[in-house]
Every structure is written in C-alpha cells, then in structure tokens.
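Below: one structure, written as structure tokens.
Order of the sequence lines fixes the chain letters, A, B, ..., with proteins taken first and strands second; residue numbering starts at 1 for each chain. No hydrogens, no waters, no symmetry mates; every other heavy atom, side chains included, goes into these values.
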Amino acid sequence: MDLLAPLNPQQKKAVTASDGPLLVLAGPGSGKTRVLTHRVAWLVQERQVPPWRVCAVTFTNKAAREMRTRLENLLGHARAAELTLGTFHATCARILRREAETIGLSRDYVIFDADDQVTLVRRLMREQNIDDRRFSPSAVHSAISRAKNELIPPESYQPSTYFGEIVRRIYEPYQQQLRANNGLDFDDLLVETVRLFQEHPEVAARYQERYLHTLVDEFQDTNMAQYLLLRALTARHRNLFVVADEDQSIYRWRGADYRNIARLRQDYPDLMTCLLEQNYRSTQNILDTAQAIIRHNRDRTEKQLFTERGQGLKAVIHEAYDAEEEADWVVERIVELKAARKARLGDCAVMYRTNAQSRALEEAFLQAGLPYRLVGATRFYARREIKDLIAFLRLAQNPSDSASLVRVINLPPRGIGAQTIEVLEDAARARGVSVWQVVEAAAARSPHSPARSADSPPLSERAIRAVTAFHNMVAGWVVLHEEVTPAQLLERVLTDTGYEAYLRDGSQEGEERWENVLELRAVAAEYAGATLSDFLADVALVSDVDNLTEEAVDAPTLLTLHSAKGLEFPVVFIVGLEEGLLPHVRSLDDPEALAEERRLMYVGVTRAKERLYLTHASRRSRYGEYEPSTPSRFLEDIPLELIEGDGAVVVGHRRLQAGSRVAAWDSPRAAPPSPPAPRFQRGQSVTHPSFGPGIVVESHPDRNDEQVVVAFTRAGVKRVLASYLQASEESDTKGAQRGKRVR
DNA sequence: CTAGTCAGGCTTTTT
DNA sequence: GCCTGACTAG
C-alpha cells in the first residue's frame with residue numbers, strides 16, 4: 001500500500017522531510033493532522049522506526065483518538081498500540097505515574113479538576129478572611145495557573161497589584177493543600193513533569209533516548225510548560241515535528257503563547273519550515289470571508305489560501321430582533337435546508353461565543369421538535385451526581401483526599417451536618433493531619449471506649465455513631481479496591497450508599513441524573529483490565545467534545561467556537577456576532593485579547609465547507625435586562641461582494657438592499673397581528689409528536705402562533721408552540737401536578 | 001439536621 | 001434570568 005498516495009506534493013514533502021526540527025505552517029482545512037498522522041506511519045513503515053520510539057502529542061483526547069484510529073488502519077492494531085499517543089496532560093500523567101517517587105509524589109495521586117481547583121482556592125480565601133465576592137476565586141485561581149504555566153513557584157511570585165498580593169497569599173497554601181491531599185491540578189501535570197526532567201537528568205535521559213521522534217499537533221496552543229517539556233523530550237535526537245496555524249491560536253487566556261513558534265525558530269536554528277496553503281474543506285467564498293477577517297491582525301505570516309472546491313455560495317448575514325428570534329431563524333433555515341434536501345440535520349452546526357447562548361437555541365430546537373447535540377455546557381464529568389460518585393471512588397483509592405471526603409461525607413444525608421464537618425476539619429487542621437485521620441480517630445473511640453480522650457474531636461455521641469458508620473463503609477472500599485475492577489467497586493459504592501434511591505426521588509430530574517450514573521457505570525465497565533487510578537485519571541482529563549463521536553445521530557450540533565476547533569461541517573451558523581459578545585467585552589480594552597477574538601471568529605468561519613450563516617441580534621438580554629446590541633466589527637470587515645443579504649441585513653453603517661421581509665424583522669413589535677384567541681386552555685389534555693401526552697399549564701398568544709406551557713407525562717414541563725400540539729381526549733391530572741413540581 | 005425560601009451575584013472561552 | 005449560598009422553620 002502506498003502511504004503517500006492520498007497526499008498532494010506539499011503534504012508529501014512535509015511527511016517525508018528529513019530528520020531534524022521541522023515546522024509545518026498550515027492554514028485551516030489543509031490536512032495538518034493528516035500530515036502528522038502520515039508522518040508517524042511513514043516513520044514506522046518506511047524508516048523502520050520502532051513505534052514505541054515515537055511520541056505524538058495532541059491537545060484533545062478526540063484528536064488523539066482519531067489519530068490512533070487512522071494509525072490502526074495504516075499500521076495495524078499491534079504496532080499502533082505501541083505508539084505513545086495522547087494529549088499533553090495524559091502523556092504527562094502517565095510519565096508521572098511511573099516516576100512519581102523520584103520527585104516525592106505518591107503514585108496514587110488524584111487529579112483535581114477545574115471545580116476542585118476553584119473550590120480549594122475559595123476555601124483558602126475564606127480561611128484567610130479574604131472576601132470572595134470582591135475577588136473571585138476563579139480569577140485568583142487562573143492567576144495562580146498562569147504563574148504555574150510560566151514555572152514561577154510560589155516563593156518567586158512577585159505581585160504588582162493588590163490583587164496580585166491576594167494571589168500571592170493563596171498560591172503557596174494552595175500548593176500545600178494540593179500536596180497534602182495527594183493531588184495534582186492540570187498545571188501540575190505539566191510543571192511537575194518538567195521539574196522531573198530538570199532535576200533528574202538520569203530520568204530525562206531515558207525518555208530523551210527513547211523518543212527518536214516527537215510530533216505535536218496544534219503547536220500554536222502550547223504554553224511555556226509544554227514548550228519546555230517538548231524541548232526536554234527532544235534534547236537528544238532533536239527530531240521535533242510540529243504543525244501549527246498561528247491564526248488559530250485561541251488559548252492565550254490559559255497560557256498558550258503562539259510566540260512559541262518564534263521561540264522554536266530561535267532555539268532550533270536549523271528549523272525547516274513547510275507551508276500548506278491548499279484548503280480541502282471550504283469553498284473559495286468562505287475562505288475569502290475568513291481571510292478578510294483575519295487580515296486585520298498584525299504579526300502573522302500571510303498565507304494565500306486556495307481551494308479547488310469552487311467559488312461556492314456567499315455568506316448569509318442576518319439581523320434578528322433578539323436572541324429568541326435569532327434562534328428561531330436558525331432553526332427555520334435548518335428545516336428549510338433539510339426540506340430542500342440541501343443538507344442533513346447532522347451536517348449543520350451552530351456556534352457561539354459563550355455557553356450561555358445555547359439556551360435560546362435549545363429552546364428553539366425543542367419547540368420545533370428537532371433533535372440536537374449539545375457540546376459543553378455542563379460537562380458530563382462536572383455533573384453533581386458524577387462528581388459525587390467519583391469522589392467516593394477517589395476515597396477508596398486515597399482516603400486522605402479531604403476535598404472528596406468533605407464533599408460526600410454526608411451524601412446521601414446520614415446525619416453528619418455542617419457543624420460536625422467543621423469540627424472534623426478544625427481537628428484535622430489543628431493536628432496537621434487529613435480529615436480521614438480524624439474520622440478514623442473518632443471511629444476508634446466508639447462504641448465503648450472512654451469518651452473524650454485528648455486526641456478525639458469533641459463530637460456528640462450521635463455524631464460519632466454517624467461518622468463511624470461512614471468510616472467503616474469507606475474502609476471497606478479501601479480494602480476492596482485492590483481486588484476488584486473499577487466497575488465492581490462502583491457497584492459496591494452504589495449499594496453501600498443507597499445512592500440510587502437517593503437520586504431517584506420520582507422527579508424527572510432524578511431520572512436524568514440516574515441515567516448519567518448508568519452512563520458512568522458503562523464507562524467504568526470498559527476499564528476491566530485497568531486500575532482505579534487509570535480510570536480516575538482518564539475521567540479527570542476528558543472533555544465534552546471527546547464524546548462527540550461519529551454517532552449515528554442525525555442532529556445539528558450546538559457548540560462554542562472554542563470547542564469547534566478541529567471540526568468541520570457543511571453548514572455553519574455563527575450566532576451572536578455583536579460587539580461585547582464577539583469580540584467579548586472582556587477583550588475590548590486589550591489589543592492582544594481582541595486579536596484573539598478575531599482568530600476565534602476566523603476559526604468559526606473556516607469550519608464551514610459549503611454554507612455560512614452569520615447572525616446578530618439588535619438587542620440582547622444581559623442578566624435578564626435587555627440592552628441594545630450593535631453588530632460585531634468583524635462583520636464590517638467582510639466585503640459586500642461576499643455577502644448575500646436576506647433582506648434585513650445591517651452591517652455597521654452599510655445597509656444592503658432591503659427585501660420584502662424587512663418590515664417583519666425591522667419592527668417586530670410594531671404591529672403584531674391582533675392576537676388570535678387562544679386555542680388551548682389550562683387543564684386541557686394534549687399530545688406532542690415528540691413529548692407525548694401532557695396537560696396544558698398555561699397558554700398565551702405569540703406573534704404568529706401560541707405559546708403553550710405543557711406538563712408532559714414523560715418529558716416534564718416544556719414550553720411549546722401550539723402548532724405542534726394536538727388536543728386529546730383523556731385527562732391526566734397526575735402528570736400536571738408532577739410537572740408543576742419540577743418547575 | 002433537613003428542606004424549603006429568598007437575596008444577591010454573576011457570564012468568556014477549557015485541558 | 002439562573003444558580004449559589006445564607007437564612008428560617010420544622
């Protein structure tokens with residue numbers, strides 16, 4: 001089989017480049033990842049490099065998984081399995097798991113996820129009486145995170161503002177607490193690996209010798225720690241192969257620095273550069289639109305993107321009245337495209353700047369009875385019930401994880417209230433031990449041992465009994481976890497805690513939460529051959545896009561512009577193109593941040609293969625208040641000849657030719673057709689094509705239709721349009737009551 | 001100790 | 001307009 005057959009000459013050149021440092025600068029849709037994948041396959045197949053001596057690094061699990069699948073096809077399962085292939089974080093997690101003791105870490109460390117990290121910061125701030133309303137814990141945390149990514153340790157942190165002073169006071173205890181809990185946060189995974197290599201040259205040498213070739217995807221997104229890691233890894237063989245697109249650098253806020261590309265040129269004077277300019281994804285009009293937007297950024301290498309996919313359609317720009325009508329418009333277009341057989345539902349994606357914007361869209365899809373896939377928002381592993389169960393599992397592995405312990409010590413309620421927890425925490429702090437050790441001491445005191453020994457926390461008899469029961473339960477898991485699979489342990493946790501009964505309280509929400517638990521159970525079952533540590537580490541490092549597999553669901557995808565990177569869709573909608581939203585308010589006063597917003601827009605536009613719709617609303621609600629909104633400056637950068645108006649397009653001061661729909665959209669509230677008499681009344685039984693039977697709770701006329709709030713027997717309370725409803729005979733008051741409670 | 005109500009604050013983006 | 005955290009009644 002000829003590996004190189006599907007590649008163009010530019011791509012071939014990159015794939016077969018000679019050894020040494022190499023930078024592939026490439027535009028969107030140019031087959032960057034494909035080049036990287038083929039390079040790996042080519043090294044193994046043509047150059048006879050043993051797969052275990054190749055290390056390929058990506059930013060998302062999804063990218064890693066896709067690359068692995070392709071390599072399985074190209075090289076066969078056995079050889080693909082030998083490759084080191086994963087995200088930066090996962091790769092470091094594995095190295096640290098192996099080398100933990102060398103730098104004084106425990107092999108069983110747990111990874112603190114974003115929530116855990118901020119919770120810890122909040123707790124420390126409170127302990128130091130720092131007002132967590134004046135200074136947001138997440139801001140403090142991200143300052144700490146930035147420092148860590150720059151490899152600035154707590155003792156060298158130099159604050160220059162009062163806020164910085166707060167950060168300095170939290171940074172050190174934050175690190176201490178992490179270590180006391182045997183925990184690492186995301187940044188630690190990178191930083192500690194770098195430290196490992198710096199402080200232990202003999203360990204570094206092993207990896208440097210082993211990895212003959214190191215390859216990196218999305219190099220423009222690397223931060224300082226990641227860059228140093230790569231430099232350390234490639235110190236011996238210097239075979240660093242990276243692909244990058246400066247114009248798609250959108251993670252500056254979490255420490256990514258596209259100047260690492262310049263740094264690379266400096267540190268590797270013999271760096272070779274390849275350019276990939278042909279685009280295989282989009283039509284020329286879409287590329288031109290993207291170019292028109294990105295061209296305004298300084299400090300970039302201008303690329304001439306071209307495509308052979310033809311001129312294609314112009315971008316459609318639409319001004320809606322508000323977010324709700326914007327969402328309705330998007331849904332209408334999708335329905336239209338489907339009806340005209342121009343696109344399948346699954347071909348469409350709707351992208352936005354902030355997760356909060358998904359709500360209006362979801363409602364519009366629900367009302368239309370259309371399915372959709374939502375990426376992000378509340379991530380699966382951030383859900384309360386999942387975090388609870390993960391906390392139990394973490395305790396089984398490491399009961400000293402006080403954060404997890406405090407989280408679940410009273411879940412489901414077992415008589416250990418805030419008062420008791422505080423006593424336990426105080427005792428732990430006073431004695432410099434973990435909360436678990438205090439729990440152990442309390443348990444050892446019951447049932448008959450003489451009360452109030454100096455060592456035990458001052459707890460009531462009742463509290464002692466409750467704490468002891470909890471202790472015995474967890475102690476059982478600690479023993480068990482060595483012997484059984486993660487899935488079996490999870491089963492045991494579920495039975496011991498009675499978690500199912502606790503969740504399934506008869507409410508709709510409870511059922512949904514229980515379904516999430518079942519999903520977690522299914523995931524755990526896949527780890528039959530792995531340890532609990534492996535399972536927990538993976539769980540902490542997956543993101544939501546990762547679950548966006550090529551499932552057979554034919555539904556539009558809703559996602560943030562950030563999650564959209566690396567994906568492509570025939571039809572793309574970008575909504576909320578307004579000043580303050582894209583670009584976001586928080587970026588307006590910083591030129592660097594503004595440039596990044598522009599790149600974000602660029603990423604969005606270049607996801608589209610054939611059709612691009614850009615919408616903005618004339619007013620938008622913020623904190624429940626409506627405020628007027630002006631079109632994004634990025635819209636003004638698109639030349640008129642690339643735009644097709646639909647009649648109501650306002651781009652800055654330019655107004656396109658107005659069509660017949662102007663009146664409707666320009667003055668939507670001006671003269672609503674006199675509201676028709678409501679067709680549905682409270683208490684009436686109805687059926688909906690997707691939600692089934694239900695009872696009308698309330699109904700009021702909308703502009704063209706009627707908004708009906710229905711308590712569905714199965715689906716809970718929803719707001720739907722009358723046109724989707726049918727009156728039905730039987731009545732079901734029980735459903736209505738239950739629905740009401742959910743609301 | 002729990003479950004319910006209320007006020008206030010908040011919204012970028014994610015490994 | 002939604003969620004979190006604080007407060008109150010049982």
[atom1] of [X] versus [atom2] of [N]: gap in Å, rounded?
{"X": "R384(A)", "N": "dC3(C)", "atom1": "CZ", "atom2": "P", "value": "12 Å"}
{"X": "E218(A)", "N": "dT15(B)", "atom1": "CD", "atom2": "C1'", "value": "13 Å"}
{"X": "I250(A)", "N": "dT15(B)", "atom1": "CD1", "atom2": "P", "value": "11 Å"}
{"X": "R414(A)", "N": "dT2(B)", "atom1": "CZ", "atom2": "P", "value": "10 Å"}
{"X": "Y251(A)", "N": "dT15(B)", "atom1": "OH", "atom2": "P", "value": "6 Å"}
{"X": "L594(A)", "N": "dT13(B)", "atom1": "CG", "atom2": "C1'", "value": "15 Å"}
{"X": "I409(A)", "N": "dC1(B)", "atom1": "CD1", "atom2": "C1'", "value": "14 Å"}
{"X": "N61(A)", "N": "dT15(B)", "atom1": "CG", "atom2": "P", "value": "8 Å"}

**Study point:** Pair listing, salt bridge (charged side-chain N to carboxylate O under 4.0 Å, His left out) test, anchored in residues 349-359 of chain A, at least two apart
**Key:** R353(A)-E597(A)
Review point. What pairs of residues pass the salt bridge (charged side-chain N to carboxylate O under 4.0 Å, His left out) test when at least one of them lies in residues 403-427 of chain A, not counting sequence neighbours?
Key: D388(A)-R407(A), D426(A)-R429(A)
Integer angstrom distance from the [atom1] of [N] to that of [M]:
{"N": "dA6(C)", "M": "dT11(B)", "atom1": "C1'", "answer": "22 Å"}
{"N": "dT4(C)", "M": "dT13(B)", "atom1": "P", "answer": "15 Å"}
{"N": "dG5(C)", "M": "dT12(B)", "atom1": "C1'", "answer": "23 Å"}

**Study point:** Test: R394(A) cationic atom under 6.0 Å from F112(A) six-membered ring centre, within 45° of axis
**Key:** yes
Practice item. State which residues pass ring pair (Phe, Tyr, Trp, His ring centres under 6.0 Å) with H471(A); sequence neighbours excluded, sorted by chain then number. Key: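 Listed in chain order: W436(A).
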Check your understanding: How would you list, by chain and number, every residue that makes a ring pair (Phe, Tyr, Trp, His ring centres under 6.0 Å) with F59(A), sequence neighbours excluded?
Key -> F88(A)
Exercise for review: Looking at every strand, decide which applies to F88(A) at a 4.0 Å heavy-atom threshold: base, sugar-phosphate, or nothing.
Suggested key: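 Touches nothing.
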Exercise for review: State which of dC2(C), dT15(B), dT13(B) makes the closest approach to the side chain of T560(A).
Suggested key: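 It is dT13(B).
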Check your understanding: With sequence neighbours excluded, what pairs up with D187(A) under the salt bridge (Lys or Arg N to Asp or Glu O under 4.0 Å) test?
Key ->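 Scan of D187(A) (salt bridge (Lys or Arg N to Asp or Glu O under 4.0 Å), adjacent residues dropped) gives none.
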Does [N] have its OP1 or OP2 closer than 4.0 Å to a side-chain nitrogen or oxygen of [X]?
{"X": "N410(A)", "N": "dT2(B)", "answer": "yes"}
{"X": "T420(A)", "N": "dC1(B)", "answer": "yes"}
{"X": "S563(A)", "N": "dT13(B)", "answer": "no"}

Exercise for review: Before accepting this row, confirm whether a basic side-chain N of the pair R598(A)/D247(A) lies closer than 4.0 Å to the acidic partner's carboxylate O.
Suggested key: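 Salt bridge flag = no for D247(A) with R598(A).
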Please tabulate the protein-to-nucleotide N/O contacts below 3.5 Å involving nucleotides 8-12 of chain B, giving atom names and distances.
from	atom 1	to	atom 2	distance (Å)
dT11(B)	O3'	R586(A)	NH1	3.3
dT12(B)	OP1	R586(A)	NH1	3.0
dT12(B)	OP1	R586(A)	NH2	3.1
dT12(B)	OP2	R586(A)	NE	3.2
dT12(B)	OP2	R586(A)	NH1	3.1
dT12(B)	OP2	R586(A)	NH2	3.2
dT12(B)	O4'	H584(A)	NE2	3.4
dT12(B)	O2	R353(A)	NH1	2.6
dT12(B)	O2	R353(A)	NH2	2.1

